[in-house]
Structure formats: C-alpha cells, structure tokens
Amino acid sequence: MQRILIQLDTDPLPSVFDRVVAVDAGVDQLFSYGGVTPDNVVSLVHGAIFTRGPKDLKSTAIFVGGSDVIAGDRLVKTIRDTFFGPMRVSVLADSNGSNTTAAAAVRAANRHLDLANCTALVLGGTGPVGQRAARILARQGATVRVASRSVDRAEQTCAELRKDVPEAKLLPASSDGNAAEETLRGADLLIAAGAAGVQFLTRNQWSGANVQVAIDLNAVPPIGLEGIAVTDTAQERDGVICYGAIGIGGTKMKVHKAAIQQLFESNDQILQTEEVYSIARNF
C-alpha cells in the first residue's frame, strides 16, 4: 500500500521546502493544500480517515505546516477533535519549521552539556522557535531564562509554558539593549532564536561571559550572535563551542525526514515539540 502524506498548509501556497523534504523522506504520494483553516479542514480530514480501513490507516498521514505557528496549533487541535475511535491518522506539526529546528538546537547543546544541570538563556524566547527550545530545555530539567525585548511578553510565555510543564524552572528576562549582556551572566548555554536580521550580542559580549555552548539560529545578516559563522558545527571560538544556522540545519533536516518516516509506523501519533525532540535524540 502506498504511503500518502497530506500536507495541510495555513499559507495560501503550500511550502515548497516541506514538499521537497517529504519527497526526500520517501513518501509515495504527496497531496498538498494551501489556505487550510479550522473552518475548512474537517472535510480534508474525513477524506484521510474514511478512504482506507482502520488497519491500513497507518499508510496515510498528515503534515501541518505554514509560516503562522499559532494558526498551525489551532489546525492541529481541530484535526485531533475530528478523529474518533480507530478513525485517525498520524500527524506531524512543524509550522515554520519550529519544532524540528528547536529540537535540533537542543540536541546539539546536549552533545556538550548535561541539560539537567545547566542554565540556558534563550534570546528571542517568545518567538516560535524560542518558545519550543525553552519548552524542551525545561522538560530536560534545565533552568531557562526566556528573554524578550518585552519582559511582559517573556513573563507571559513563561506562564504559558508552566501550564504544560509545571515543574519547569523558567525565568523571564530582557534582551533589550545592554540587558541581554547582564541576563547572560552565569548561563552555560546561549541560544539566539530571534527574527531575521536582529543582532542580540557582539562577539565580545557573548565570548566573555563564560558560556560553554552558543547557538545562533539566524542565517540572515546580521546574525544574532556576532562572530558565529552560519556554517559553524561544534566550532570552538574563544573557548566557546559554536553552532550556526546551517550547522544546526543538517540535524534539523535529518529530524524532519525521520519524523515523516515515523508517521507511517502507526496511525495514532501526534508529533509535536516533545515527540520531535525524542526523534532528534537519535542523531
């Protein structure tokens, strides 16, 4: 039986990137739909679950993508609510690549640090990738400083994360101006997950702060952490192990493909942040 992946994208045009990865992951048939919302997704889900018998539904799966992470989360909820009994298929949620990118970044850090005993600073921590990185780190037992230019937004993000991770050690912090340098003090891990073209720290600031691992997920100049090359992969700079966006991207692509392949092992998986990180730990 052919493996069918149904790509549901919240943007008007389905992502070419996600389509290419699906093909490279070995999908036999790829059905792509753009402009998908909670209002029009139900009939698409019905088409997925009513065309094959329950024993064969593991050969059909859904991928939720698009640039709007909040819209993607809402779509996943509606999809889950549409399933019933054995009539369901597995789902991978990766709007804006946020889950696979965050998982790959934390996996890179875990190669060098004991996450349960480290303090991490996530700059751009209220954005889609930053929030997910903070969530994964908190699940692993790290103390996480969630930094934003707005401390109020950082506090709100921490409160939201605690709903799902009650034991989380989360601290809101400011990344505005010189506050980012002060927030960095005592941190073992630094992850910059801000918007494209936003620089948080100069090289002197982050390299002189006794950080052990620094990860910059922005490939658009100026990058978030000055002095890190986008291709850095465990490159030591000023005594700090550094990763750039492309350096993380290799693992991200492996995780993305492996997650798609895992969808077809059963029909009852919902792969979101924690589940994607579990896959990343294999790399």
Side-chain angles (χ1 to χ4, degrees), residues 5 15 17-18 20-22 24-27 61-65 69 72-73 76 90-118 120-125 127-144 146 161 164-165 168 188-193 212-219 228 230-235 241-266 269-283:
L5 183 66
S15 165
F17 180 99
D18 292 334
V20 171
V21 178
D24 287 348
V27 170
I62 291 173
F63 175 89
V64 174
V69 175
D73 289 344
V76 171
S90 290
V91 180
L92 169 60
D94 198 32
S95 296
N96 206 28
S98 56
N99 284 326
T100 51
T101 301
V106 177
R107 177 67 186 104
N110 190 215
R111 295 190 187 107
H112 312 282
L113 296 169
D114 176 7
L115 298 181
N117 294 293
C118 88
L121 170 61
V122 181
L123 298 171
V129 176
Q131 284 190 43
R132 282 154 176 77
R135 182 189 182 106
I136 297 169
L137 287 164
R139 284 280 192 197
Q140 303 308 304
T143 297
V144 187
V146 178
L161 290 173
D164 294 326
V165 192
D188 308 295
L189 169 63
L190 171 62
I191 297 178
Q212 296 180 53
V213 179
I215 299 173
D216 193 327
L217 298 176
N218 179 20
I228 293 181
V230 294
T231 55
D232 279 353
T233 306
Q235 176 68 44
I241 297 170
C242 298
Y243 287 84
I246 293 176
I248 292 296
T251 301
K252 178 259 191 292
M253 296 301 291
K254 292 177 182 177
V255 174
H256 192 153
K257 292 173 188 175
I260 290 174
Q261 292 163 353
Q262 183 171 311
L263 290 173
F264 300 101
E265 294 178 3
S266 68
Q269 303 173 80
I270 305 293
L271 304 183
Q272 295 181 281
T273 306
E274 283 84 358
E275 294 80 9
V276 171
Y277 182 63
S278 292
I279 295 170
R281 297 182 73 168
N282 295 321
F283 297 99

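Only this structure's heavy atoms are used, side chains among them; waters, hydrogens and symmetry mates stay out. This structure is a prediction, so every number in the text was calculated from the model and none was measured.
Without hydrogens or angle criteria, Asn110 side chain to Leu113 main chain gives a donor-acceptor distance under 3.5 Å. The main-chain N or O of Gly125 is never found under 3.5 Å from a side-chain atom of Gln131 such that the two would form a donor-acceptor pair.
The two atoms that bring Ala219 and Val230 nearest to each other are CA-CG1, 3.8 Å, heavy atoms only. Scanning all heavy atoms of the two residues, the minimum distance from Gly72 to Val64 falls at O-CG1, 3.8 Å. Here the closest non-hydrogen pair linking Ile215 and Ala108 is CD1-CB, 4.3 Å. Contact detail for Ala22 and Leu5: the closest heavy-atom pair is CB-CD2, 3.7 Å. Minimum interatomic distance between Ala245 and Asn218 (heavy atoms only, all atoms of both residues): CB-C, 3.9 Å. Pairing each heavy atom of Ala138 with each of Ala168, the nearest pair is CB-CB, 3.7 Å.
Here Asp188 pairs with Gln212 under the side-chain hydrogen bond (donor to acceptor under 3.5 Å, both in side chains) rule; sequence neighbours left out. Scanning for side-chain contact (heavy atoms from CB on, under 4.5 Å) contacts around Ala142 gives Cys118, Leu137, Val144, with sequence neighbours left out. Among residues two or more places apart in sequence or in another chain, the side-chain hydrogen bond (donor to acceptor under 3.5 Å, both in side chains) test is passed with Asp232 by Arg237. Looking at residues two or more places apart in sequence or on another chain, you find no salt bridge (Lys or Arg N to Asp or Glu O under 4.0 Å) involving Glu265.
Shown are Gln262, Lys257, His256; of these, the side-chain contact (heavy atoms from CB on, under 4.5 Å) with Ile279 is made only by Gln262. Of the candidates Gln272, Arg139, Arg135, Gln140, Gln140 is the only one forming a side-chain contact (heavy atoms from CB on, under 4.5 Å) with Tyr277.
In this structure, CG on Leu123 lies 5.5 Å from CG on Leu190, to the nearest 0.5 angstrom. Here OG1 of Thr273 is found 9.0 Å from CG of Asp164. Values are rounded to the nearest 0.5 Å. Of the inter-residue distances, the one linking Lys252 atom NZ with Ile246 atom CD1 reads 13.5 Å to the nearest 0.5 angstrom. Note that NZ of Lys254 and CG of Asn282 are 12.0 Å apart. Values are rounded to the nearest 0.5 Å. For the atom pair OG1 of Thr233 and CD1 of Ile241, the computed distance is 12.5 Å after rounding to the nearest 0.5 Å.
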**Request:** Would you please test Ile191 and Leu217 for side-chain contact (heavy atoms from CB on, under 4.5 Å) and show each step?
**Result:** CA-CA 8 Å; Ile191 297 178; Leu217 298 176; 4.1 Å; yes

**Request:** Take Tyr243 and Asp216, measure what side-chain contact (heavy atoms from CB on, under 4.5 Å) needs, and give me the verdict at the end.
**Result:** CA-CA 6 Å; Tyr243 287 84; Asp216 193 327; over 6 Å; no

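Sorted by first then second residue, the salt bridge (Lys or Arg N to Asp or Glu O under 4.0 Å) pairs that include residues 99-112, not counting sequence neighbours, number zero.
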Please report, to 0.1 Å, the donor-acceptor pairs under 3.5 Å made by any side chain of residues 90-98, with sequence neighbours excluded.
residue: Ser90; atom: OG; partner: Leu263; partner atom: O; Å: 3.4
residue: Ser90; atom: OG; partner: Ser266; partner atom: O; Å: 2.7
residue: Ser90; atom: OG; partner: Asp268; partner atom: N; Å: 3.3
residue: Ser90; atom: OG; partner: Gln269; partner atom: N; Å: 3.0
residue: Asp94; atom: OD1; partner: Ser98; partner atom: N; Å: 3.4
residue: Asp94; atom: OD1; partner: Asn99; partner atom: N; Å: 2.9
residue: Asp94; atom: OD1; partner: Thr100; partner atom: N; Å: 3.0
residue: Asp94; atom: OD1; partner: Thr100; partner atom: OG1; Å: 3.3
residue: Asp94; atom: OD2; partner: Thr100; partner atom: OG1; Å: 2.7
residue: Ser98; atom: OG; partner: Ser95; partner atom: O; Å: 2.9
residue: Ser98; atom: OG; partner: Arg132; partner atom: NE; Å: 3.3

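Between Ile136 and Val106 the shortest side-chain heavy-atom distance falls below 4.5 Å.
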